Protein chains: 2
Amino acid sequence: MPSYKAPTRDTRFVINELLDIESFGNLPGFEAATPDMVDAIVEEAGKFAAEVLAPLNQIGDSEGCTRHEDGSVTTPTGFKEAYKQYQEAGWGTLSLPEEYGGQGLPHVLGFVLEEYLATANHAWAMYPGLTNGAVTALLATGSDELKQTYLPKMVSGEWLGTMNLTEPHCGTDLGLIRTKAEPQDDGTYTITGTKIFISAGEHDLTDNIVHLVLAKTPDAPRGSKGISLFIVPKFLPDDSGAPGERNAVACGSLEEKMGIHGNSTCVMNYDGAKGWIVGEENKGLAAMFVMMNAARLGVGVQGLGQSEVAYQNAVQYAQDRKQGRALKDRPDPDAPADPIIVHPDVRRMLMDAKAFNEGMRALILWGALQVDLSHKSQTEEERAAADDLISLLTPVIKGYGTDRGYDMANAMQQVFGGHGYIREWGMEQFVRDSRIAMIYEGTNGIQAMDLCGRKLPANGGRAVQAFFKMVDDDVAASKDDEQLGDIAARLEKAVGEQKAATMWFMQNAMQNPNHLGGGAHHYMHIMGIVALGLMWLRMAKVAAAKLAEGAEDKAFYEAKLTTARYFAERFMPDAGALRRKIEAGSDAMMELTPEQFETAA
Amino acid sequence: MPSYKAPTRDTRFVINELLDIESFGNLPGFEAATPDMVDAIVEEAGKFAAEVLAPLNQIGDSEGCTRHEDGSVTTPTGFKEAYKQYQEAGWGTLSLPEEYGGQGLPHVLGFVLEEYLATANHAWAMYPGLTNGAVTALLATGSDELKQTYLPKMVSGEWLGTMNLTEPHCGTDLGLIRTKAEPQDDGTYTITGTKIFISAGEHDLTDNIVHLVLAKTPDAPRGSKGISLFIVPKFLPDDSGAPGERNAVACGSLEEKMGIHGNSTCVMNYDGAKGWIVGEENKGLAAMFVMMNAARLGVGVQGLGQSEVAYQNAVQYAQDRKQGRALKDRPDPDAPADPIIVHPDVRRMLMDAKAFNEGMRALILWGALQVDLSHKSQTEEERAAADDLISLLTPVIKGYGTDRGYDMANAMQQVFGGHGYIREWGMEQFVRDSRIAMIYEGTNGIQAMDLCGRKLPANGGRAVQAFFKMVDDDVAASKDDEQLGDIAARLEKAVGEQKAATMWFMQNAMQNPNHLGGGAHHYMHIMGIVALGLMWLRMAKVAAAKLAEGAEDKAFYEAKLTTARYFAERFMPDAGALRRKIEAGSDAMMELTPEQFETAA
């Protein structure tokens with residue numbers, strides 16, 4: 001059976017040493033995040049994830065969810081009990097506002113928890129995970145009455161939330177949705193239609209489920225300008241706020257999927273269900289994006305999560321499994337075979353995953369800090385600067401994080417050879433589960449277009465220029481350093497490739513937008529390399545300083561320096577190749593007629 | 001339900017126009033391969049695969065195989081009947097020697113059949129597919145008596161064969177095997193031990209199953225120099241050659257796997273089974289390699305296969321599914337949405353797969369031709385030259401072909417968005433099935449070491465120098481051509497990266513072999529890019545000539561030219577990045593202690 005231990009040492013390194021969140025103690029919420037508090041949360045969250053959730057991961061995969069004839073859904077053995085523990089411990093309240101019963105702690109800590117949950121049990125973590133997006137949308141655009149009715153119960157985790165966007169004929173293109181919302185005299189709406197791929201759409205974890213649903217009012221404009229957002233509870237709250245009358249929304253069936261079997265992916269039928277509008281009519285897309293952006297960061301975390309757990313198990317296997325002999329320096333020259341961790345190609349895969357995971361963890365928590373700063377910094381300018389950065393990096397964290405996270409899960413499966421393909425070892429589940437993260441909450445192709453078509457040009461390129469300045473400043477500060485100089489020089493080269501690609505888009509995309517579309521995915525990957533490269537340069541700098549001052553835990557800091565070098569040597573060269581692909585343009589890509597794609601005679 | 005049509009037009013292009021196999025008509029077997037014969041075989045093989053095997057692919061996945069209490073195994077619905085048709089039509093005899101009842105046709109045609117079978121139904125195709133390797137090993141090293149007893153039945157497909165190498169504690173490192181072979185007075189051996197991951201180890205397709213088994217005799221030297229190869233039939237042939245007494249070999253259990261559920265992956269227990277030695281004692285590894293090299297090419301074909309069928313379905317979906325609007329030149333400006341094939345990022349994925357598939361198909365059939373020429377060319381020199389090339393390229397076809405084939409299956413799944421993750425569309429099965437090809441018959445890390453540690457230095461680098469010369473000659477011939485010049489220039493650059501990486505190995509691997517091990521996988525990928533690049537340059541040349549002479553089917557040849565350009569622009573740049581990674585060396589890769597890989601506190 002695969003195992004999981006929360007990487008608490010690495011998390012503390014990022015929070016305390018890299019981000020130094022204590023230095024933000026003057027901001028609301030951060031004052032409570034003392035080093036002791038951070039330590040306690042990190043340790044306890046890690047324990048819950050490792051001890052309660054991880055043991056349910058394979059069970060969830062093999063049992064899956066069961067839909068009964070009445071439309072109710074039973075989750076796999078142990079899921080409900082684990083949720084009860086989670087809720088009673090108040091984990092869901094961590095970084096939610098105190099006003100509604102939350103603890104008001106920084107999102108940095110909320111993301112640590114999210115990482116551990118998603119790593120230990122991707123499918124389980126989606127039940128509480130999707131609620132975050134729903135809460136964020138309600139907070140941003142809901143009426144006071146809706147907030148008072150739903151937020152305390154959703155913050156406490158008594159009720160869980162869902163996001164209902166997709167329909168059979170419409171996924172990415174939400175302008176095509178057909179679900180109808182008829183206004184009623186009492187100010188409510190009657191919702192009718194079918195939604196598909198609704199994660200956690202129906203389950204037995206909570207007494208009530210709160211659906212956030214996109215629908216169109218009768219006279220709505222065509223396309224995405226005519227979408228509104230509604231809140232549709234499974235049970236209508238009665239006068240005391242408790243679940244009352246059953247609403248006309250039900251799970252019609254469960255999808256059979258490649259993975260995340262422990263999560264119920266539902267077809268949801270709305271048959272004249274009662275709903276309340278969230279925000280204004282026809283402004284649903286904006287509210288949806290608030291919800292979506294929170295969800296996208298969460299999906300990036302999932303990319304890291306499955307890569308991390310796969311890595312941990314591969315490291316263990318590589319130390320236990322003995323095959324072949326080291327090409328050099330055999331650990332035991334008399335043994336018939338050496339542990340496979342001695343083989344360079346196994347090392348290559350393990351180092352790839354280590355460099356990716358630790359870099360992504362730093363980037364995600366740095367991103368979470370930007371979320372905090374975008375709300376809590378003292379000046380409007382500081383808030384805008386943080387918002388610029390996290391808006392720019394959200395598609396990168398989601399798209400690059402899940403593309404590469406999937407690659408790493410596959411590489412870790414590869415370390416197991418034939419055993420990686422067999423169910424019982426659990427590695428193939430990590431691959432199947434992590435595959436969804438490249439698809440949902442906007443495919444990675446959509447992330448790339450969000451980055452290049454929307455985020456890059458926004459405000460005259462203000463955000464990406466700020467990003468370049470941040471990288472340039474760090475490069476300049478380390479370029480002449482003996483230990484960091486080579487890493488900085490390689491990062492300078494990589495960001496140079498990104499700048500050149502940005503310039504190429506500026507010069508060519510206006511005349512032919514397909515040049516932008518054809519290069520967007522590659523650009524997202526260049527930016528992922530540069531963003532992780534920046535994190536690695538910063539981590540190396542911290543590690544070098546710690547070693548210079550004679551810190552304990554020398555092996556940890558030396559590993560950081562070595563891994564930073566590895567990242568610079570083995571990840572950064574791709575930036576140049578990706579730039580060359582972008583600069584090839586989209587002519588060959590777009591030239592064929594649909595018929596020319598057919599391969600049969 | 002996914003569909004499949006054999007890409008017969010493209011196959012005929014490769015055989016007749018690119019390889020021009022008619023020009024080899026003076027060689028044995030080729031004289032029968034007239035254009036009419038080739039056409040008939042291609043069409044009929046395609047029909048059988050598409051009409052009989054493809055419809056069983058999803059059934060095989062959902063039903064899987066069933067082991068009964070007596071150790072017998074039932075294959076999924078329809079598999080047995082399909083095999084009967086296959087055998088009665090004599091498909092298995094295509095390129096096997098006439099001496100044993102085969103048709104003696106070129107391997108080029110045998111590989112076409114293999115591609116179609118593996119594409120239509122990967123799991124089914126493994127039953128006859130593994131027999132090829134067993135037949136090859138028997139032909140090369142079996143005694144006349146063994147050949148007479150087994151080959152006619154295996155060639156006709158009346159009996160199927162298996163390869164029994166892996167044991168619980170030993171996969172790659174066959175020197176560790178423990179299965180024992182005790183010599184008996186009658187010249188036979190008594191085989192005892194456990195083999196795992198035995199594909200098609202037990203099934204209901206044939207009356208007998210012929211196991212080729214690696215084992216150690218009592219006084220065998222330690223390690224891989226003490227391995228012998230045995231033939232162990234499920235039923236001992238009686239005096240008439242028919243299946244007689246049951247041998248003491250049985251399927252102990254079936255593995256639960258990520259995919260290829262339609263194939264029975266068995267634990268095989270040898271409990272004093274009767275076996276006959278194939279070749280000499282302690283020379284089993286060499287015999288095994290004969291078997292393995294045939295099997296590895298077959299696995300490369302599987303890499304192409306799943307990518308091809310995934311591609312065909314993605315092309316169809318991309319034309320049917322309507323989401324979003326084209327960035328430029330909408331096909332129907334009044335439609336609410338356009339087919340997603342208009343979106344550059346969808347095109348990018350489809351063109352990637354098209355460029356890979358058609359390039360791989362050319363490389364595989366070119367490789368099959370080298371197999372033919374290595375046996376049938378008129379001079380020893382020509383035979384050696386062909387053998388050099390196919391020995392060099394075998395790990396590339398297997399390793400690069402399956403790594404990238406898997407990437408493409410995943411990209412094609414991505415085209416489907418959320419629907420790609422759902423069982424019924426079939427895309428996720430292609431991903432799960434194709435994943436095994438990177439692992440079995442030697443993981444791709446082993447392929448990389450075979451290429452760099454064994455094939456590159458063999459005979460003073462003779463093979464790779466011949467490969468470089470072949471590429472250089474083609475580049476030189478096309479460099480000044482208006483239509484081909486840019487493709488040739490980009491190929492020249494890519495092969496330059498390969499030459500530089502080769503040189504770097506020569507200068508550094510002696511002093512530290514980990515530098516070779518740490519770069520081998522990247523090198524294999526550079527060589528894959530160059531090899532496919534060479535095929536694309538040649539295909540572009542043929543297409544340009546056809547267009548110049550005013551051939552019909554203009555759209556086909558124009559698509560070849562465009563796709564060649566796309567390959568040059570979008571695949572070749574990676575060669576430079578891979579070289580830079582190789583030249584970074586293995587120091588950072590090998591530096592950490594095993595403890596430094598641990599992530600928990």
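In this text, all values refer to a predicted model and were calculated from it rather than measured experimentally. Residue numbering restarts at 1 for every chain, and letters A, B, ... go by the order of the sequence lines.
For B:Ile260, the parts lying near chain A are the backbone and the side chain together; criterion is any non-hydrogen pair under 4.5 Å. With a 4.5 Å cut-off on non-hydrogen atoms, A:Phe416 does not touch chain B at all. For A:Val346, no part lies near chain B; criterion is any non-hydrogen pair under 4.5 Å. Of the two parts of B:Asp587, the backbone and the side chain both hold a non-hydrogen atom closer than 4.5 Å to a non-hydrogen atom of chain A. Heavy-atom distances place no part of B:Thr166 under 4.5 Å from chain A, backbone and side chain included. Proximity to chain B (any heavy atom under 4.5 Å) is restricted, for A:Leu176, to the side chain, taken from C-beta onward. Of the atoms belonging to B:Gln319, it is side-chain heavy atoms, and not backbone ones, that fall under 4.5 Å from chain A. Residue contact with chain A, scored on non-hydrogen atoms closer than 4.5 Å, is absent for B:Glu583. For a residue to count as touching a neighbouring chain, one of its non-hydrogen atoms must lie under 4.5 Å from one of that chain's; by this rule B:His522 touches chain A with the side chain only. For B:Tyr4, no part lies under 4.5 angstrom from a heavy atom of chain A. For A:Ala520, no part sits under 4.5 Å from any heavy atom of chain B, backbone or side chain. Looking at B:Lys354, only its side chain comes within 4.5 Å of chain A, counting heavy atoms on both sides. Only the side chain of A:Met449 comes within contact range of chain B, with heavy atoms under 4.5 Å apart. There is no contact between B:Pro331 and chain A, counting heavy-atom distances below 4.5 Å.
In this view, B:Tyr406 satisfies the ring pair (Phe, Tyr, Trp, His ring centres under 6.0 Å) rule with no residue, not counting sequence neighbours. For A:Tyr421, there are no ring pair (Phe, Tyr, Trp, His ring centres under 6.0 Å) partners at least two apart in sequence or on another chain. The ring pair (Phe, Tyr, Trp, His ring centres under 6.0 Å) check on A:Tyr566 picks up nothing, with sequence neighbours excluded.
A salt bridge does not link B:Asp352 to B:Arg570: none of the charged side-chain nitrogens sits closer than 4.0 Å to a carboxylate oxygen.
A distance of 4.5 Å separates CZ in A:Arg361 from CG in A:Asp10, rounded to the nearest 0.5 Å. Separating the CZ atom in A:Phe13 from the CG atom in A:Asp553 is a distance of 10.5 Å, to the nearest 0.5 Å. The CG atom of B:Asp39 lies 6.5 Å from the CD atom of B:Glu43; values are rounded to the nearest 0.5 Å.
Checking side-chain atoms of B:Gln323 against main-chain N and O of A:His169 turns up a donor-acceptor pair under 3.5 Å. When atom types are taken as modelled, the side chain of B:Arg435 and the backbone of A:Asn410 share a donor-acceptor pair closer than 3.5 angstrom.
Counting heavy-atom pairs closer than 4.5 Å to chain B, the top residue among A:Gln429, A:His515, A:Arg325 is A:Arg325. Of the listed residues B:Arg348, B:Glu569, B:Glu256, the one with more heavy-atom pairs under 4.5 angstrom with chain A than any other is B:Arg348. The candidate with the highest count of non-hydrogen atom pairs below 4.5 Å against chain B, out of A:Gln413, A:Glu424, A:Arg222, is A:Gln413. Contact tally against chain B (heavy-atom pairs below 4.5 Å) for A:Glu591, A:Lys5, A:Glu255: the top residue is A:Glu591.
Contact of the A:Ile340 side chain with the A:His343 side chain is registered, since non-hydrogen atoms from C-beta on lie closer than 4.5 Å. Using a 4.5 Å heavy-atom cutoff, the side chains of A:Lys322 and B:Asp173 are not in contact. In this structure, A:Thr563 and B:Leu592 have side chains that are in contact, with non-hydrogen atoms separated by less than 4.5 Å. Residues B:Arg432 and B:His261 have side chains in contact (heavy-atom distance under 4.5 Å, counting atoms from C-beta outward). Two residues are said to be in side-chain contact when any heavy atoms from C-beta on lie closer than 4.5 Å; A:Glu428 and A:Ile422 fail this criterion.
Within residues 440-447 of chain B, the residues approaching chain A closer than 4.5 Å by heavy atoms are, in numerical order, B:Thr443, B:Asn444, B:Gly445.
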*Determine, stepwise, if the pair B:Gln316 / B:Gln312 fulfils side chain to side chain donor-acceptor pair (under 3.5 Å).*
CA-CA 6 Å; B:Gln316 193 57 54; B:Gln312 290 189 14; over 6 Å; no
